[in-house]
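First the structure, in the form of structure tokens, and then the observations on it.
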Amino acid sequence: MRNTLFIFVLLAVSACPAAAADNLNVSYEQLLREITTPPASASAPEAKAAFAAQAEGRYWVTIKASDKRERTALLEAGFDIVEVEKDRVSGIAGPELDGLLSSKSVTVLGKTPLAAYASSFTKDFPSQDAIYHNYQETTDLLRSLAAANSDIASLFSIGKSVEGRDIWCLRINSGAKGETPSSKPGAFFLGNIHAREHLANEVPLLFAAWLLEHRNDAEAKKYISSLDIYVVPMGNPDGAEYDIKTGNYQYYRKNMAKNAGGSRGVDLNRNFDSWWCEAGASSYPGADTYCGPRAFSEPESQHIKRFMETRRNIRTHISYHTYGSLILYPWGGSDDNVPDERDRKVFIKAGDAMGKLTGYYSQKSSDMYVATGDSADWAYAATGAFAFTFELEGRGFYPGSAIVKTSVEKNVKAGLYLLSITDNPYKVI
Ligand code: 0X9
Ligand code: ZN
């Protein structure tokens, strides 16, 4: 179904370049329409078997944890916190955590085999979520958008992943193209550095599609002509592909690095050089919060580093994650406030404004838990960009297809707000 759409867009674009903007109108609306009407088909039995094998020995666990210090300690022990409630956290634990779960220091409130837990989501397993964009579909859509808007949009790779996939960046700028520097104020939207957070690809991807479709509306036009806008929707393409490739979700978080000792993956949101691996991260390679052998050990985080360091015009940034309906601002790796009082006020004001537009709750990142090495802390510390982490809405990592339309629409508003302050973020205070 999706392939048909891409072929249509590509044919239409190549056959009639002058009508490209009209075709994109079809494209964006069509994308959202499809999202509300998912195809109904059952998962293949062999895919179910593959998931069962992957889920073997892994559990969905609820543990007592009453404050952020306890939450941080659990992250350090390698527990993959997924949901935070007042007095407890829930998440995924593999066999390596058996010792922790049976120790006296931990109160386990619930423990369900991951396969049984996941089966409650069967109606939204990948065969029914075909409207989400996998890596090839993301690539195709980005290419279509760039081709149909070649006067203001260009596509380039910021570098390759561990497994050699290009990490694509769509740039929207009425003057500079590709990797040519620009002195216009820049905004950088990054998605999906955690593999299983597929909605975090859709939101920036479709925000880019929205901007280009509305390129002639006064507001979008203003930003397109005055700003340097970058969208990297899929920051961890290997992990995102691994998570879906059997047809059943794997609950996979990390990249696909081959670790010493045989395990797979580094948590890219613990691999940045901001108090690297000091808190809320694990140095155990098998853990979901594994920080890697050293800061920036991973090509994906290295590319994001280089990308931002070589574009010092970038003033605002969102890294999209799921889930929690939260807007988080630095610091995440320290209990402290950012030392610059004016900057702190900008974070609070802009976070609250985007909170109103999305219905998300804005707070200092470490108020959830302290976790060092995250990309937003690094981005702010190293480049001065006002860097936010968005935890998009939804119950679970696989919230189904209907949520995409809702989430994209509210995040278009937040994205536009961020663009509106990118020329001078200090104007909000
Ligand atoms: O733990 C993370 O990396 C993010 N949550 S997620 O469920 N998407 O994995 C939150 C990062 C917030 N940053 C800090 N608290 N440092
Ligand atoms: Zn995440």
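One-based numbering, in listed order, for ligands and for the atoms of each.
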By salt bridge (charged side-chain N to carboxylate O under 4.0 Å, His left out), which residues pair with K364, not counting sequence neighbours? none

Just checking K245: does its NZ atom have more than 12 heavy atoms from other residues, nucleotides or ligands closer to it than 6.0 angstrom? no

Are K305 and F296 in a cation-pi setup, meaning NZ or CZ lies under 6.0 angstrom from the ring centre and within 45 degrees of the ring axis? yes

May I ask you to check whether D243 and Y398 show a side-chain donor-acceptor distance below 3.5 Å? yes

Would you mind writing out a table of all protein N or O atoms found under 3.5 Å from any N or O atom of ligand 1, naming both atoms and giving the distance to 0.1 Å?
from     : atom 1 : to   : atom 2 : distance (Å)
ligand 1 : 1 (O)  : R270 : NH2    : 2.9
ligand 1 : 1 (O)  : Y369 : OH     : 2.5
ligand 1 : 3 (O)  : R253 : NH2    : 3.4
ligand 1 : 3 (O)  : N269 : ND2    : 2.9
ligand 1 : 3 (O)  : R270 : NH1    : 2.9
ligand 1 : 5 (N)  : Y369 : OH     : 3.3
ligand 1 : 5 (N)  : E391 : OE2    : 2.6
ligand 1 : 8 (N)  : E197 : OE1    : 3.4
ligand 1 : 8 (N)  : E197 : OE2    : 3.0
ligand 1 : 8 (N)  : H321 : ND1    : 3.2
ligand 1 : 8 (N)  : T322 : O      : 3.3
ligand 1 : 8 (N)  : E391 : OE1    : 3.3
ligand 1 : 8 (N)  : E391 : OE2    : 3.1
ligand 1 : 9 (O)  : H194 : ND1    : 3.3
ligand 1 : 9 (O)  : R253 : NH1    : 2.6
ligand 1 : 9 (O)  : R253 : NH2    : 3.4
ligand 1 : 13 (N) : S365 : OG     : 3.0
ligand 1 : 13 (N) : D374 : OD2    : 2.7
ligand 1 : 15 (N) : S365 : OG     : 3.4
ligand 1 : 15 (N) : Y369 : O      : 2.9
ligand 1 : 16 (N) : G332 : O      : 3.1
ligand 1 : 16 (N) : A371 : O      : 2.8
ligand 1 : 16 (N) : D374 : OD2    : 2.9

Going by atom types alone, do Y360 and N411 pair a side-chain donor with an acceptor below 3.5 Å? yes

Looking at Y426, is R342 sitting on its ring face, NZ or CZ under 6.0 Å from the six-membered ring centre and within 45 degrees of the normal? yes

Near the Zn ion (ligand 2), protein N/O/S count under 2.8 Å comes to 4

Could you tell me whether R196 sits above the aromatic face of F397, with NZ or CZ closer than 6.0 angstrom to the six-membered ring centre and within 45 degrees of the axis? yes

Restricting to disulfide (SG to SG under 2.5 Å), what partner residues turn up for C291, sequence neighbours left out? C277

Could you check whether R311 makes a cation-pi contact with F188, meaning its NZ or CZ is under 6.0 Å from the centre of the six-membered ring and within 45° of the ring axis? no

